[in-house]
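What you see below is based on every heavy atom in this structure, not just the backbone, and it leaves out hydrogens, waters and symmetry mates. Owing to the predicted nature of the structure, the values given are computational and were not obtained by experimental measurement.
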Amino acid sequence: MSNLWDLSRLQPVLDSVLDGDTIPAMFWNAVALRGDTVWFREKDLGIWRSWTWKQVAEGVREIAGGLMSLGLAPGETVSVLSNTVPEWVLSDLAVLSCGGVSNGIYPTDASNQVHYLCEDSATRVLFVEDDEQLDKGLEVRARLPLLKKIIVFDMEGLRELNDPGVISLDALRALGRAYNAERPGELEQRVKACRPQDLAILVYTSGTTGKPKGAMHTHASLTYAVRGFNTVTPRHEHDECMCFLPLCHIAERVGGEYFALYTGAKLNFVENPDTVPENVREIAPTVFGAVPRVWEKFYSAVVISLKEGTWLQQTVYAWSIGVGQRIADLVLAGQPPVPASLKLKFRLACWLTLNNVRKMIGIHRARFLVTGAAPISPELIKWYLALGVPMLEVWGMTETCGTSTGMTSNRIKLGSIGPAASYNQVRIDPDTGEIQVKGPNVFAGYLNLPEKTAEAFTADGWLRTGDVGAVDGEGYFRITDRMKDIIITAGGKNITPSELENELKFSPYITDAVVIGDKLPYLTVIIMIDQENVEKFAQDNDVPFSNYASLTRAPQVQDLIQGVIDGVNKKFARVEQIKKFFLLDKQLTAEDEELTPTMKLKRKLVHAKYAEQIEAMYRS
């Protein structure tokens, strides 16, 4: 039974729960405090394996000893090129415990990007996940004179490798055990020598407008941020969390790893990105943060599943979700308590349908959900509320160490990113409408780029976020768009493309969309379809297709998407309506240049790469 109308379980934690003014100090204090309790879980050969804090600490100590035996000095950089696995976190904490700087590289990055990131960061040691990632490191090693060693997590297929510049993680840990035995107090001395103002991590921006920039965060900004997070999206030692987003992204690195380190929440590592839906159901997280793409996929799965149900199942669901929507409307209007009669109906709705829907997704134990990193449809947030699980939208960026504003649990406003978090200031520039941030959580600048760093701040020291927004009388902020993304049509009408795009992505048949129309007579859109759901539509309706490209060209699929667009157009003024569309005929992945590592279409690149198709939509 959900407590949708009782949000007391979401109250912020204002007291500090763990001492430490650097990440390594905080980690080793956590180990002393929590010792034999479980921190990690990972699925290995079909079985979930647990790691206690002591076991994690043993791995961190040995890896740190191994790095010191290789000559890693305080202030030197180590990079990690891997998917999200426990060894990523062990290596990260080991580097920081040595006084080093930790940098993450997306596993989807090509070898030339690996070279640039290692060269720019002056990487001395490179951790890689497996043979695939090792190949990238070996390809660029000759051009990285500072690189001393490559460490491989998983040596499967590499047992016969004989390269003095490459060793396994197990071999590094063996070196570490020997080194720590010879110098038993050195690691503790390194940890104590870390200062809050020291550089801790580099997080490279996605590089949609040029080469990636290395955002620098100190230990002070990281520890300050994770303490602040507990006042926005509180966690505790009994919480179960998912660890599946890229750890080189600010969201999982700080909002996942370091926040869990601070609160003691358990981190459950998924097997791989493709098993996330299955693993969510197994883990049943109590707090679940994800990007909008994940929430959209879960919703789509439910909608498609319902279409296969009987008339009775569809009718019962419609009644049940309708009851949930009525409660959601009251909560969103700030009008609890919910009448007793409606509570009784909701109990019945949960028993009939909604409990099963939550279990189908894996959110039946969730106290709340968190969404961020990209815009989300307000209707999607309301749907999860109707299921009985509050969804809190947060907003921030790499440069603000993650969350800067967050929806409050006692007053949820659709279309808003909430008020400023208590630990930083947020304002709207009166001249440009830009959202700007100031606080100890703001980054120290871009590595090797003093001019770009200067450009990122106003004369009075506020960070320029590049997001345009507004704030209401209650202090709730709303993003209207990115400054560089606002469309001004040939007729002079200002259009916010993200509003249209969010409405389109609410459809189970659309994964992403880019609205076109700047300095043009009308709006058009480039759409990436949801392959799984559209294929099922085609199979159910006897639509012939041989591959993804032919699927996008099928007249019935074109009509399906036109129907979605027609429905969205009804919600907007005539000048804001989409006149034509084009379906991408290639299924994109994070390895394609059109997508960021967080699976968002790069607007400028899409404009350039599909210029011919865009021109064709305006030719007539």
Side-chain angles (χ1 to χ4, degrees), residues 22-24 26-28 30-31 39-40 42 51 53 55-107 109 114 117-118 121-134 136-137 147-155 158 165-177 179-180 187 190-191 194 199-204 217 219 222 243 245-249 252-254 256-258 260-261 267 269:
T22 66
I23 292 296
M26 194 176 275
F27 168 67
W28 291 103
V31 172
W39 188 24
F40 290 178
E42 66 164 331
W51 301 50
W53 283 87
Q55 288 171 323
V56 172
E58 180 184 11
V60 170
R61 181 179 294 278
E62 290 177 358
I63 294 170
L67 291 171
M68 290 188 292
S69 75
L70 296 178
L72 183 73
E76 292 183 336
T77 301
V78 176
S79 293
V80 185
L81 173 59
S82 168
N83 283 290
T84 300
V85 293
E87 290 81 3
W88 209 118
V89 176
L90 298 181
S91 303
D92 181 46
L93 294 174
V95 172
L96 297 177
S97 294
C98 290
V101 177
S102 179
N103 174 51
I105 303 176
Y106 285 101
D109 281 353
V114 173
L117 296 174
C118 287
S121 62
T123 291
R124 306 302 177 109
V125 176
L126 175 65
F127 287 96
V128 300
E129 182 179 6
D130 51 22
D131 56 346
E132 178 186 353
Q133 305 301 343
L134 175 61
K136 299 175 187 177
L147 185 62
K148 297 177 180 178
K149 197 76 73 175
I150 300 177
I151 317 296
V152 185
F153 294 159
D154 182 358
M155 291 293 289
L158 297 171
V166 180
I167 62 172
S168 69
L169 184 65
D170 288 341
L172 181 74
R173 292 183 63 164
L175 288 174
R177 287 192 294 272
Y179 187 90
N180 291 336
L187 182 59
R190 292 273 191 115
V191 171
C194 283
L199 177 60
I201 67 171
L202 295 170
V203 181
Y204 278 83
H217 278 292
H219 288 281
L222 295 172
C243 194
L245 298 172
L247 274 162
C248 43
H249 190 276
E252 194 68 87
R253 184 79 156 283
V254 183
E257 176 190 347
Y258 299 153
L261 186 161
L267 286 179
F269 292 82

side-chain contact (heavy atoms from CB on, under 4.5 Å) between Ile63 and Ser91: does it pass, once the steps are laid out? CA-CA 7 Å; Ile63 294 170; Ser91 303; 4.3 Å; yes
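- Pro86 and Trp51 make their closest contact through CB-CZ2, 4.1 Å (heavy atoms, listed as atom of the first residue, atom of the second, distance).
- Across Leu147, Val166, Ile151, Val80, a single residue satisfies side chain to side chain contact (heavy atoms under 4.5 Å, CB included) together with Leu126, and that is Leu147.
- At a threshold of 4.5 Å between non-hydrogen side-chain atoms, the residues Met68 and Asn180 count as touching.
- Atom CD1 of Ile150 is separated from atom NZ of Lys136 by 12.5 Å, given to the nearest 0.5 angstrom.
- With sequence neighbours excluded, no residue forms a side-chain hydrogen bond (donor to acceptor under 3.5 Å, both in side chains) with Thr77.
- When all heavy atoms of Cys194 and Pro24 are compared, the closest pair comes out as SG-CG, 4.0 Å.
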Residues Val56, Leu90; criterion side-chain contact (heavy atoms from CB on, under 4.5 Å); working and verdict: CA-CA 7 Å; Val56 172; Leu90 298 181; 3.6 Å; yes
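- Going from atom OH of Tyr258 over to atom CE of Met26 covers 11.5 Å, rounded to the nearest 0.5 Å.
- A distance of 9.5 Å separates SG in Cys248 from CG in Leu117, rounded to the nearest 0.5 Å.
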Between Phe40 and Cys243, does a side-chain contact (heavy atoms from CB on, under 4.5 Å) hold up when you go through it step by step? CA-CA 10 Å; Phe40 290 178; Cys243 194; over 6 Å; no
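- Remark: Phe127 CZ to Leu134 CG distance equals 13.5 Å, nearest 0.5 Å.
- Arg177 CZ to Glu62 CD: the interatomic distance, rounded to the nearest 0.5 Å, is 4.5 Å.
- With Trp28 as the aromatic partner, Arg61 meets the cation-pi criteria of under 6.0 angstrom to the ring centre and within 45 degrees of the ring axis.
- Within the model, atoms OG1 of Thr84 and CZ of Arg253 stand 11.0 Å from one another, a figure rounded to the nearest 0.5 Å.
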